[in-house]
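In this text the structure is predicted, and so the values were computed from the model without any measurement. Residue numbering restarts at 1 for every chain, and letters A, B, ... go by the order of the sequence lines.
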Amino acid sequence: MPELPEVEVVRAGLEEHTVGATIAAVEVLHPRPVRRDPRGPQGFAAALIGHRIEAVRRRGKYFWLALEDGDALLGHLGMSGQFLLQPPDAPDERHLRVRLRLAGAPTDRELRFVDQRMFGGLSVSEGGAELPAEIAHIARDPLDLAFDEDAFVRRVRRSDSGIKRLLLDQTVISGVGNIYADEALWRSRLHAERIGSRLTRRQVFDLLGQVRVVMGEALAQGGTSFDALYVNVNGESGYFDRSLHAYGREGMPCDRCGAPIRRVAFMNRSSYFCPVCQRPPRGIRRKRPTSPN
DNA sequence: GTATGTACCTGTTTGC
DNA sequence: TGCAAACAGGTACATA
């Protein structure tokens with residue numbers, strides 16, 4: 001489950017190891033990860049071969065390799081995606097979906113897109129080297145120097161949606177997933193269903209600050225997790241050895257007040273929160289998840 | 001434009 | 001032991 005800090009680690013690793021290399025061959029082993037490319041698997045491959053990687057950029061959880069012809073290879077890791085830089089003789093991964101052979105600096109390598117559940121994907125963005133049109137609607141993320149804090153606060157405070165829904169809305173703020181949303185809300189003592197328009201400026205600014213703290217801590221840890229041989233996002237490790245206060249802690253005592261952390265169904269997934277520190281707004285029925293306990 | 005619900009996908013875990 | 005259902009959740013898309 002890569003979130004923004006993991007994607008940034010991938011971006012930085014790709015930048016270090018692939019800029020200057022040329023895409024020599026492309027092999028699509030499963031059509032689904034290239035489903036968003038209107039050219040189809042063969043056209044996808046043809047649009048990449050022979051082009052040089054000039055930069056690696058990111059917005060939210062999307063990243064792209066900017067090519068010398070002005071196009072871009074746009075990628076998203078989805079739920080379970082990995083982008084691995086491997087020697088060509090390394091055995092294929094079980095869920096290898098797309099293979100890109102690279103020629104040139106620093107050495108010949110394979111860039112492998114591995115994705116078990118295939119929520120992620122790759123596509124060629126025509127003219128997308130600076131910013132792919134496909135993701136122009138994605139807001140900047142809070143690690144972006146050009147992130148507009150005041151605009152974020154205004155957007156939240158004019159909305160009648162719940163605050164967690166707003167945090168997960170990529171047109172409002174990008175890069176925040178379910179885990180970090182729960183963690184930031186716990187730190188800010190805000191319930192997921194507090195209405196944006198009923199929060200004070202100060203509350204929204206504080207929440208934004210906590211989002212940055214959570215991401216910053218993860219980035220500091222993730223930044224040391226890959227070595228020179230491969231660029232790796234591991235969907236298993238990383239999260240759970242990180243200090244989480246809310247996510248996944250159902251029934252365990254709140255680190256602040258000791259009350260048992262609760263889990264409720266929310267948007268087809270789970271929300272974890274402290275029922276004492278994060279009081280629900282009036283009129284919110286507390287739906288239990290479908291499973292017993 | 002805004003708000004909300006759902007399909008997509010598969011390995012693992014849980015329940016009967 | 002074996003099968004079925006639940007579960008994980010980011011995004012695009014449909015609908016109101």
| remark: Here the residues of residues 158-177 of chain A within 4.0 Å heavy-atom distance, strictly under, of DNA chain C are A:Q170, A:G177
| Can you name the residues that form a salt bridge (charged side-chain N to carboxylate O under 4.0 Å, His left out) with A:D255, not counting sequence neighbours? | A:R249
| said: Below the 4.0 Å mark, does C:dA12 have OP1 or OP2 next to a side-chain nitrogen or oxygen of A:Y62? | reply: yes
Contacts under 3.5 angstrom, residues 120-134 of chain A side chains, donor-acceptor by atom type, not counting sequence neighbours:
unit_1: A:S125; atom_1: OG; unit_2: A:E134; atom_2: OE1; d: 2.8
unit_1: A:E126; atom_1: OE1; unit_2: A:R39; atom_2: NH2; d: 3.4

| Which residues, ordered by chain and number, are linked to A:M118 in its hydrophobic cluster, where ILVMFWY side chains connect at heavy-atom gaps below 4.5 Å, directly or through other members? | none
| query | A:M79 side chain: which of B:dC9, C:dA8, B:dA3 is closest? | reply | C:dA8
| note | A:R101 meets the salt bridge (charged side-chain N to carboxylate O under 4.0 Å, His left out) criterion, sequence neighbours left out, with A:E110
I'd like a list of close polar pairs between nucleotides 12-14 of chain B and the protein, N/O only, cut-off under 3.5 Å.
none

| Think A:S270 has a side-chain N or O under 4.0 angstrom from the OP1 or OP2 of C:dC7? | no
| remark: Applied to residues 175-187 of chain A, the salt bridge (Lys or Arg N to Asp or Glu O under 4.0 Å) test, sequence neighbours excluded, yields A:K164-A:D182, A:R187-A:E217
| Spacing between A:H137 atom NE2 and C:dC13 atom C1', to the nearest angstrom | 11 Å
| side-chain hydrogen bond (donor to acceptor under 3.5 Å, both in side chains) partners of residues 59-68 of chain A, not counting sequence neighbours, each pair once | A:H51-A:E68
| request: Just jot down the side chain to side chain donor-acceptor pair (under 3.5 Å) partners of A:Q42, sequence neighbours excluded, or say none. | output: none
| request: Return the nearest nucleotide to the side chain of A:R117; candidates are B:dC9, B:dG11, C:dT11. | output: B:dC9
| request: Please identify each residue that fulfils salt bridge (charged side-chain N to carboxylate O under 4.0 Å, His left out) with A:R194, with sequence neighbours left out. | output: none
| task | Compare the minimum distances between each of B:dA3, B:dC9, C:dT11 and the side chain of A:M118, then state the nucleotide with the smallest one. | result | B:dC9
| query | Do you see a donor-acceptor pair shorter than 3.5 Å between the side chains of A:Q86 and A:E93? | reply | yes
| To the side chain of A:Q116, which of C:dA8, B:dG11, C:dA12 is closest? | B:dG11
| field | Residues that A:R58 engages under side chain to side chain donor-acceptor pair (under 3.5 Å), provided they are two or more places apart | value | A:E8, A:D141
| said: Less than 4.0 angstrom from a charged side-chain N to a carboxylate O is my criterion; do A:D92 and A:R99 meet it? | reply: yes
| field | Contacting residues from residues 27-44 of chain A, given that a heavy atom lies under 4.0 angstrom of DNA chain B | value | A:R32
